[in-house]
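Written below as structure tokens is the structure these notes are about.
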Amino acid sequence: MSVSAWSLDNYLTLLTRAVAGCTYVIHVASPVPGKEPSDEQTLIQPAVKGTLNVLKACRDAGCVKRVVITSSAYAIVGQTSPRYDKVYSESDWTDMNAPVGGYAKSKTLAERAAWDFVRDLPGESIRQRNSTGNLFTGFSFFRS
């Protein structure tokens with residue numbers, strides 16, 4: 001595939017081939033800017049689509065038992081100071097109505113998309129787990 005033919009949609013095909021035969025997959029890639037971009041979509045689209053493509057490829061491969069997706073505290077507290085008297089959980093998310101930069105939005109939207117994807121899968125074949133709250137989100141694919 002030439003670089004000019006590259007797209008996040010084509011990436012799904014490549015990912016599906018890459019995870020064939022894998023039992024475990026760790027998704028750690030997301031654009032990290034040196035400075036805030038003029039168009040936040042340059043961070044949001046690859047983060048969300050990339051995360052969903054990894055999950056779709058793992059689902060379609062049929063052999064993956066567990067997927068771990070690295071997230072960020074930005075998905076929980078955005079760019080505000082965390083409250084140290086609060087225990088954060090899966091129900092805590094960055095307030096997207098507050099002033100939030102593109103990176104925080106991309107991490108929040110990518111993780112929300114991942115949870116929605118897993119939640120919408122049929123049957124009991126998949127269980128979700130948030131391992132450490134603000135660093136890793138793990139999705140366990142239970143297959144016999």
Side-chain angles (χ1 to χ4, degrees), residues 1 3-83 86-143:
M1 175 183 305
V3 174
S4 62
W6 173 258
S7 79
L8 288 170
D9 295 320
N10 296 9
Y11 196 54
L12 178 56
T13 302
L14 297 175
L15 278 173
T16 303
R17 289 184 199 156
V19 300
C22 292
T23 305
Y24 307 104
V25 173
I26 301 173
H27 175 51
V28 296
S30 192
V32 180
K35 64 179 186 170
E36 192 67 31
S38 58
D39 180 4
E40 65 188 15
Q41 289 302 316
T42 62
L43 300 175
I44 294 170
Q45 285 184 0
V48 172
K49 253 193 156 170
T51 298
L52 289 175
N53 280 343
V54 167
L55 289 171
K56 289 174 186 175
C58 292
R59 175 201 60 203
D60 295 347
C63 56
V64 177
K65 291 184 180 179
R66 178 163 297 169
V67 180
V68 175
I69 299 171
T70 58
S71 187
S72 170
Y74 278 125
I76 297 173
V77 296
Q79 292 168 290
T80 61
S81 295
R83 289 182 37 210
K86 176 177 173 45
V87 175
Y88 291 92
S89 72
E90 293 89 347
S91 63
D92 293 296
W93 292 97
T94 291
D95 179 1
M96 300 298 274
N97 295 315
V100 179
Y103 181 71
K105 284 182 185 178
S106 74
K107 295 306 287 186
T108 304
L109 294 172
E111 188 172 338
R112 279 191 175 271
W115 285 100
D116 290 344
F117 176 85
V118 172
R119 191 176 300 111
D120 291 342
L121 289 170
E124 295 293 322
S125 63
I126 296 185
R127 297 186 184 151
Q128 37 196 38
R129 179 179 66 153
N130 193 331
S131 307
T132 61
N134 67 345
L135 296 177
F136 300 98
T137 300
F139 298 98
S140 296
F141 290 61
F142 292 96
R143 294 199 165 93

Atom [atom1] of [X] and atom [atom2] of [Y]: how far apart are they, to the nearest 0.5 Å?
| X | Y | atom1 | atom2 | answer |
| --- | --- | --- | --- | --- |
| Arg112 | Lys107 | CZ | NZ | 15.0 Å |
| Asp95 | Ile76 | CG | CD1 | 14.0 Å |
| Thr51 | His27 | OG1 | NE2 | 3.5 Å |

Do [X] and [Y] have side chains that approach each other closer than 4.5 Å (heavy atoms only, starting at C-beta)?
| X | Y | result |
| --- | --- | --- |
| Val25 | Val54 | yes |
| Trp93 | Thr108 | yes |
| Leu55 | Arg59 | no |
| Ile69 | Glu111 | no |
| Lys49 | Leu12 | no |

Could you pull out the closest heavy-atom pair between [X] and [Y], with the gap in Å?
| X | Y | result |
| --- | --- | --- |
| Cys63 | Ala20 | SG-C, 4.2 Å |
| Val19 | Ala61 | CG2-CB, 3.6 Å |
| Val48 | Ala113 | CG1-CB, 4.0 Å |
| Ala110 | Ala47 | CB-O, 3.6 Å |
| Ala114 | Leu52 | N-CD2, 4.5 Å |

task = Please collect all ring-ring contact (aromatic ring centres under 6.0 Å, His included) contacts where either partner lies in residues 94-114, sequence neighbours excluded, each pair once.
result = Tyr74-Tyr103
key: salt bridge (charged side-chain N to carboxylate O under 4.0 Å, His left out) partners for Lys86, two or more places apart   = Asp92
Derivation of the side chain to side chain contact (heavy atoms under 4.5 Å, CB included) call for Leu43 and Lys105 = CA-CA 8 Å; Leu43 300 175; Lys105 284 182 185 178; over 6 Å; no
Residues in side-chain contact (heavy atoms from CB on, under 4.5 Å) contact with Asp39, at least two apart in sequence or another chain = Gln41, Thr42
